[in-house]
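What follows is a single structure, written as structure tokens, with notes after it.
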Amino acid sequence: MALLSTIVPCYNEEENILPYYEEFMKNRSFFEKNGLSYELIYVDDGSKDGTLQAIKKLIATDPNVHVLSFSRNFGKEAAMYAGMQMARGDYVCIMDCDLQDPPSLLPELYGYLQQDYDMAATRRATRKGEPPLRSWFAHRFYNLINKYSETEIVDGARDYRLMKRQVVDAILSLTEYNRFSKGIFSWVGFRVKWVDYDNVERAHGKTKWSFWGLFSYAMDGIVAFSSAPLKAASILGFLFCLLAFAMIIFTIVRRLIFGDPTSGWPSLVCIILLVSGVQMLCLGAIGQYLEKTYLEVKNRPIYIIKEKI
Ligand code: UDP
Ligand code: MG
């Protein structure tokens with residue numbers, strides 16, 4: 001009998017635990033028909049509400065439900081990683097518990113894995129219901145990162161996906177601390193089937209992503225999967241050196257011909273401001289990489305478990 005592990009990261013999702021479980025269990029006849037057993041791994045990412053209690057109530061009724069509870073909030077990336085480490089399944093699925101990732105898609109995803117695909121991943125067909133400014137920034141981000149990174153990051157791709165064991169092992173072999181899953185899923189390769197579906201609104205509660213949260217996540221993605229900003233900094237530096245060189249020649253020639261050293265003062269101030277601005281920008285780009293390197297070198301664990309059932 002093949003085992004299907006489903007990983008469900010939860011952070012303050014008290015009201016969603018039971019509705020999600022009920023929706024997931026509608027797949028019961030599909031499991032039976034395909035000779036699949038299942039395990040449901042909730043990863044409680046340091047929730048402050050009754051999430052863990054709600055999960056424990058489920059565990060009391062269904063021995064296939066497990067929970068991994070973090071000592072604090074480590075973020076969804078850490079939760080997915082921990083869940084994958086715990087999952088024993090031949091097939092592993094990652095799903096949000098706010099019902100934005102419909103469990104009813106599971107049979108379809110499973111079907112693709114039987115047809116020679118190694119991973120079936122979902123993608124939002126539209127960004128309906130999202131603030132326009134956020135959509136605009138999201139599109140800019142995907143354009144930018146796909147232009148400068150060798151790893152393809154698919155626009156609208158969700159973390160909701162079903163994978164074969166081999167893919168999960170490959171993902172687990174990437175032990176970096178700064179995890180950007182959208183990049184990691186794509187970096188490991190394998191044959192991927194993309195499944196489009198319409199955006200579904202959250203069942204209960206509200207999203208954990210603020211605009212700035214998303215912005216800094218996008219920055220992390222760029223730093224993790226592209227070194228273009230570092231190259232841009234060097235190129236910019238080189239261009240400004242050329243410009244400065246031309247200016248020196250121009251100034252000397254003008255001094256020799258017209259003999260007026262002070263008339264260029266305002267333009268000089270502009271140039272100093274511009275060049276120092278660019279220097280700060282480049283230093284900032286380098287700082288971003290340095291910070292990430294620093295975190296990797298410290299080699300801290302990606303998560304800390306408080307409780308495991
Ligand atoms: N989540 C988590 N840790 C966090 C933030 C979110 O485990 O620090 C979980 C959350 O409970 C949900 C999923 O990740 O199941 C997606 O979060 P959310 O719905 O807020 O994101 P969105 O769907 O808006 O992208
Ligand atoms: Mg959601």
Side-chain angles (χ1 to χ4, degrees), residues 6-24 40-55 58 65-87 93-103 105-106 121-131 133-135 137-139 141-142 153-161 177-185 197-218 220-221 302-308:
T6 304
I7 299 161
V8 193
C10 328
Y11 178 50
N12 295 344
E13 301 280 6
E14 190 175 12
E15 312 111 307
N16 285 322
I17 300 292
L18 192 64
Y20 171 80
Y21 178 75
E22 281 165 356
E23 194 62 31
F24 178 80
L40 199 56
I41 304 173
Y42 284 98
V43 185
D44 166 33
D45 186 9
S47 301
K48 291 174 189 76
D49 62 357
T51 302
L52 186 60
Q53 284 73 9
I55 299 170
L58 280 181
V65 180
H66 308 281
V67 69
L68 210 59
S69 182
F70 287 176
S71 60
R72 64 166 171 87
N73 179 245
F74 279 90
K76 188 186 176 189
E77 298 286 341
M80 292 193 288
Y81 185 72
M84 281 191 262
Q85 279 192 321
M86 190 183 173
C93 181
I94 298 176
M95 244 191 262
D96 286 358
C97 76
D98 55 8
L99 292 172
Q100 278 190 301
D101 296 341
L105 275 179
L106 207 50
T122 62
R123 165 166 76 183
R124 279 195 299 192
T126 60
R127 288 184 170 268
K128 242 190 326 211
E130 199 183 54
L133 190 67
R134 181 174 291 199
S135 300
F137 271 103
H139 286 307
F141 164 71
Y142 284 109
I153 316 280
V154 176
D155 192 355
R158 304 225 12 126
D159 294 326
Y160 181 19
R161 53 193 71 215
Y177 182 81
N178 296 291
R179 301 190 76 76
F180 183 72
S181 285
K182 284 184 200 310
I184 291 175
F185 286 137
Y197 75 101
D198 282 330
N199 194 18
V200 189
E201 294 283 316
R202 221 172 202 284
H204 300 279
K206 56 181 199 293
T207 176
K208 273 92 202 167
W209 289 103
S210 64
F211 181 80
W212 285 111
L214 273 177
F215 187 78
S216 103
Y217 183 62
D220 287 348
I302 294 168
Y303 57 87
I304 293 169
I305 291 176
K306 188 172 158 222
E307 205 177 337
K308 186 173 172 176

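Just follow the structure's listing: the first ligand is 1, and inside any ligand the first atom is 1. Remember, it's a predicted structure, so these values are computed and weren't measured experimentally.
- By the 4.0 Å N-to-carboxylate-O rule, Lys306 lies too far from Asp44 to be salt-bridged with it.
- Annotation: atom 14 (O) of ligand 1 to nearest protein heavy atom, Lys76 CD, 3.2 Å.
- No N or O atom of Ala79 sits closer than 3.5 Å to an N or O atom of ligand 1.
- Both the backbone and the side chain of Lys208 come within 4.0 Å of ligand 1, judged by heavy-atom distances.
- At least one donor-acceptor pair closer than 3.5 Å links the side chain of Thr122 to the backbone N or O of Tyr160.
- Classified by interplanar angle (parallel below 30°, tilted 30° to 60°, perpendicular above 60°), the ring pair Tyr217/Phe180 is tilted.
- Atom numbering of ligand 1 starts at 1 in the shown order; those under 4.0 Å from a heavy atom of Trp209 are 21 (O), 22 (P), 24 (O), 25 (O).
- At under 3.5 Å, a nitrogen or oxygen of Tyr11, whether backbone or side chain, sits near a nitrogen or oxygen of ligand 1.
- In this structure, Arg179 is not positioned above the aromatic face of Tyr177 in the sense of NZ or CZ being under 6.0 Å from the six-membered ring centre and within 45° of the axis.
- Among the backbone and side-chain atoms of Thr207, no N/O/S atom is found under 2.8 Å from the Mg ion (ligand 2).
- Atom 23 (O) of ligand 1 has Gln100 OE1, 2.6 Å as its closest protein atom, hydrogens excluded (heavy atom only).
- Under a 4.0 Å criterion applied to the non-hydrogen atoms of Cys97, ligand 1 contributes the atoms 15 (O).
- Of all protein heavy atoms, the one lying nearest to atom 7 (O) of ligand 1 is Pro9 CB, 3.5 Å.
- More than 12 heavy-atom neighbours from other residues, nucleotides or ligands sit within 6.0 angstrom of CZ on Phe211.
- Here the side chains of Glu14 and Ser47 are not in contact, with every heavy-atom distance at 4.5 Å or above.
- Close approach of ligand 1 to Asp98 (heavy-atom distance below 4.0 Å) involves ligand atoms 19 (O), 23 (O).
- With hydrogens and angles disregarded, a donor-acceptor distance shorter than 3.5 Å links the side chain of Glu77 to the backbone of Ser181.
- Asp101 and Tyr197 form a side-chain donor-acceptor contact under 3.5 Å, judged by distance and modelled atom types alone.
- By heavy-atom distance, the residue among Asp45, Asp44, Thr207, Asp96 lying nearest atom 3 (N) of ligand 1 is Asp45.
- Considering each of Arg124, Glu13, Arg202, the one bringing a non-hydrogen atom nearest atom 18 (P) of ligand 1 is Arg202.
- Every atom of ligand 1 is numbered from 1 in the order shown, and the set under 4.0 Å from a heavy atom of Cys10 is 7 (O), 11 (O).
- With a 4.0 Å cut-off on non-hydrogen atoms, Asn73 touches ligand 1 through its side chain and not its backbone.
- Looking at heavy atoms from C-beta onward, Phe74 lies in side-chain contact with Arg72 at the 4.5 angstrom threshold.
- Heavy atoms of Arg158 come nearer than 4.0 angstrom to ligand 1 in at least one pair.
- Using modelled atom types, one finds no donor on one side chain facing an acceptor on the other under 3.5 Å when comparing Thr51 with Glu13.
- Summary: OD2 is the N/O/S atom of Asp98 found nearest to the Mg ion (ligand 2).
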